[in-house]
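Structure, as structure tokens:
The structure displayed is predicted, hence computed values, not measured ones.
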Amino acid sequence: MSSYILGIDVGTTSVKAVLLETGSRSVIASHTLPTASDIIDGTGLKAKEQHPGRIIDTLNRCIGSLPRGKLQHVAGIGLSGQMHGVLFWKGKDGSDWSNGDFFTTKDASQLITWEDGRCSSDFLSSLPQPESHLSVATGFGCATIFWYMRHRPEFLVDFTAAGTIQDYVVSMLCGLNGCVMTPQNAASWGFFNTSTNQWNMDILKDAGFPLHLLPRCVPSGGLAGQTRSDWHGVPAGTPVGAALGDFQCSVYSCMSASTDAVLNISTSAQLTFAMPANFTPPDCPQLASSISYVPYFKDSYLAVAASLNGGNVLATFVETLTAWLKELDVELSESCLYEKLIHCGLSQETSDLRVSPTLLGERHDPLRLGQIANISTTNLSLGHLTRALCRGVLDNITSMMPVERLQQAGIRRIVGSGSAVVRNQVLRQEVERAFPFAVEYGQNADSAVGVAMVISDWR
């Protein structure tokens, strides 16, 4: 009888679940659903929050769509998800299992995501200096907790645990009273030293940080516990891995050689390659650097240019055009408009229009906003705009990690992945123009597959 690993990615806009057959390491079933969980910000704080109840409902529907007969033979569960963000809950009371073999949210806060903008540059500069090579940015878990400490301290009183959305799911599945977290997610929160794999406890304590909300760290690839009860047919007592970062799992699924670099363009964009085994990161944050070094597996690191601007920029373009059309009493769905824009872009092979698509700034340069240049009477068609916008996304990520840096690292191949790359042929064309290397697109380059592979390989 075959056994399977259930891999789950709780992303910014969707949930994906896959069943990986352990013997062949092949995906035999998968399902993806949009979460539609965004909460409209009416505060003017640049808040970016999501409703965890909708996310968990989507997760339940996603798992419920997989073959139940195969779920009964799951030998391990792995979860990855959107990094940096934070969700608060009340220990074991953070979920309700009374509805049957699945749980719903209970006594949990909204999810404050990685896109949250409430921590201004002035606020961040008022925080203590972390003992880490990674700087702290708005949307990072510890920065968000500091913001609540100073602006809404009463909010934190109600909760006993905190973690990313994927950490929350693991805690609820295992019936944990607190939260366990891997270095991959802890580093994305800030105030975590990846050399010692410990939080900056003394620095945080001196700043009055609520230390009881810090998760307990376990190794990336290690187990968090076992399922407390049956879950959509998955037996009680099934091992559950501690949650991992979606970025690292996406890389794990498609990086097959040290000479590979992985370009992922989904909601955001990342360009990364593996550092040598003996690499040690700097002692302190390199604030002006567009390249950071994030923990991978077995004390290794990835060099990454992590842009805030990727597929979300293209989505904003589509949303804006849709709103303009509506003002003109023209109705066209966003999905239909996106396909038409791609068609227009394919018919316009080049453009002298220049788009800098940094609508959200960048973590190393938060005040750098978007621009359009070289406008003329002949380059304002939708074809020109679509082509220039796609090229701008690539120009931005390659300005953060220049081709010369990749060549120095011995890179010979770019592995392209991510929903925006898969969907948008214009974007793929610009990827192939941006690099003097072979470009291949990983068939299974996604986080749900990657986390299943990790659990399968490390059992």
Side-chain angles (χ1 to χ4, degrees), residues 3-11 15-20 31 33 35 52-66 68 70-82 85-109 111 160-182 184-185 215-246 249 447-448 451-452 454-456 458-459:
S3 63
Y4 308 94
I5 302 297
L6 175 60
I8 301 165
D9 179 60
V10 187
V15 171
K16 180 172 184 178
V18 304
L19 283 171
L20 187 83
H31 199 73
L33 288 172
T35 55
R54 293 181 184 174
I55 296 173
I56 300 305
D57 176 64
T58 304
L59 172 64
N60 283 322
R61 288 187 288 118
C62 209
I63 305 301
S65 298
L66 298 176
R68 193 174 182 90
K70 291 182 169 55
L71 288 171
Q72 293 171 348
H73 296 283
V74 164
I77 302 173
L79 282 107
S80 68
Q82 49 175 303
V86 58
L87 173 75
F88 304 90
W89 65 91
K90 293 183 179 180
K92 291 182 179 179
D93 294 327
S95 64
D96 180 0
W97 285 83
S98 63
N99 293 320
D101 66 344
F102 63 92
F103 71 89
T104 55
T105 56
K106 173 188 171 187
D107 293 335
S109 74
L111 168 65
T160 62
T164 66
I165 182 66
Q166 58 269 30
D167 294 318
Y168 166 77
V169 175
V170 167
S171 295
M172 297 307 103
L173 286 178
C174 297
L176 303 180
N177 198 39
C179 177
V180 297
M181 183 182 274
T182 61
Q184 293 181 2
N185 287 319
R216 176 173 61 88
C217 278
V218 297
S220 299
L223 294 180
Q226 298 177 332
T227 50
R228 54 174 282 178
S229 61
D230 289 357
W231 187 50
H232 294 286
V234 177
T238 299
V240 180
L244 300 172
D246 56 356
C249 289
S447 304
V451 73
V454 170
I455 299 298
S456 178
W458 290 46
R459 281 198 308 156

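With values rounded to the nearest 0.5 angstrom, Trp89 atom CH2 is found 4.5 Å from Ser171 atom OG. Atoms OG1 and CG, on Thr105 and Asp96 in that order, are 9.0 Å from each other to the nearest 0.5 Å. Of the inter-residue distances, the one linking Thr104 atom OG1 with Leu59 atom CG reads 12.0 Å to the nearest 0.5 angstrom. One distance of note links CZ of Phe102 with CG of Asn99; it measures 4.5 Å at 0.5 Å rounding. Here the OG atom belonging to Ser447 is positioned 13.0 Å from the CD1 atom belonging to Ile8, to the nearest 0.5 angstrom. Leu79 contributes atom CG, which lies 9.0 Å from atom CG of Leu244 (distance to the nearest 0.5 angstrom).
For the pair Val15 and Leu33, the minimum side-chain heavy-atom distance is 4.5 Å or more. Contact annotation: the side chain of Ile63 approaches that of Leu71 to within less than 4.5 Å [non-hydrogen atoms, C-beta and beyond]. Counting heavy atoms from C-beta on, the side chains of Ile77 and Ile5 never come closer than 4.5 Å. Side-chain contact between Tyr168 and Cys179: absent, with no pair of heavy atoms (C-beta onward) separated by less than 4.5 Å. By the 4.5 Å heavy-atom criterion applied to side chains, Gln184 and Ser220 are counted as neighbours.
The two residues Met181 and Asp167 have their closest heavy-atom pair at CE-OD2, 3.1 Å. Here the closest non-hydrogen pair linking Leu111 and Gly85 is CD1-C, 4.4 Å. Residue Gly241 comes nearest to Val170 through the heavy atom pair O-CG2, 3.7 Å, listed as atom of the first residue, atom of the second, then distance. Counting all heavy atoms, side chain and backbone alike, Pro215 lies closest to Ala162 at CG-O, 3.4 Å. Between Pro219 and Thr182, the shortest heavy-atom contact is O-CG2, 3.8 Å. Nearest heavy atom pair, residue Gly91 against residue Ala161, reads N-CB, 4.4 Å.
For the salt bridge (charged side-chain N to carboxylate O under 4.0 Å, His left out) test, no residue two or more places apart in sequence or in another chain qualifies with Arg216. For Phe88, the ring pair (Phe, Tyr, Trp, His ring centres under 6.0 Å) partners are Phe155, Phe159, not counting sequence neighbours.
Using modelled atom types, no side-chain atom of Tyr4 and backbone atom of Val18 make a donor-acceptor pair closer than 3.5 Å. In this structure, the side chain of Asp93 does not engage the main chain of Lys106 through any donor-acceptor pair within 3.5 Å.
Judged as a salt bridge (Lys or Arg N to Asp or Glu O under 4.0 Å), not a single pair has a partner in residues 222-236 (not counting sequence neighbours). The salt bridge (Lys or Arg N to Asp or Glu O under 4.0 Å) pairs that include a residue from residues 53-65 are Asp57-Arg61, where partners are two or more places apart or lie in different chains. Each side chain to side chain donor-acceptor pair (under 3.5 Å) pair with one or both residues in residues 72-82, not counting sequence neighbours, appears once here: Asp9-Ser80, Gln50-Gln82.
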CA sep, side-chain torsions, deciding dist, call: Leu19, Leu6, side-chain contact (heavy atoms from CB on, under 4.5 Å): CA-CA 5 Å; Leu19 283 171; Leu6 175 60; 4.1 Å; yes
Test side-chain contact (heavy atoms from CB on, under 4.5 Å) applied to Ile165 and Ile55, step by step: CA-CA 9 Å; Ile165 182 66; Ile55 296 173; 4.2 Å; yes
Show me the donor-acceptor pairs within less than 3.5 Å that the side chains of residues 231-239 make with the rest of the protein, sequence neighbours left out.
from: His232; atom 1: NE2; to: Asn60; atom 2: OD1; distance (Å): 2.9
from: Thr238; atom 1: OG1; to: Pro235; atom 2: O; distance (Å): 2.6

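Side-chain contact annotation: Thr164 with Gln166, donor-acceptor N/O pair under 3.5 Å present.
Salt bridge Asp246/Lys16: absent, no basic N to carboxylate O contact under 4.0 Å.
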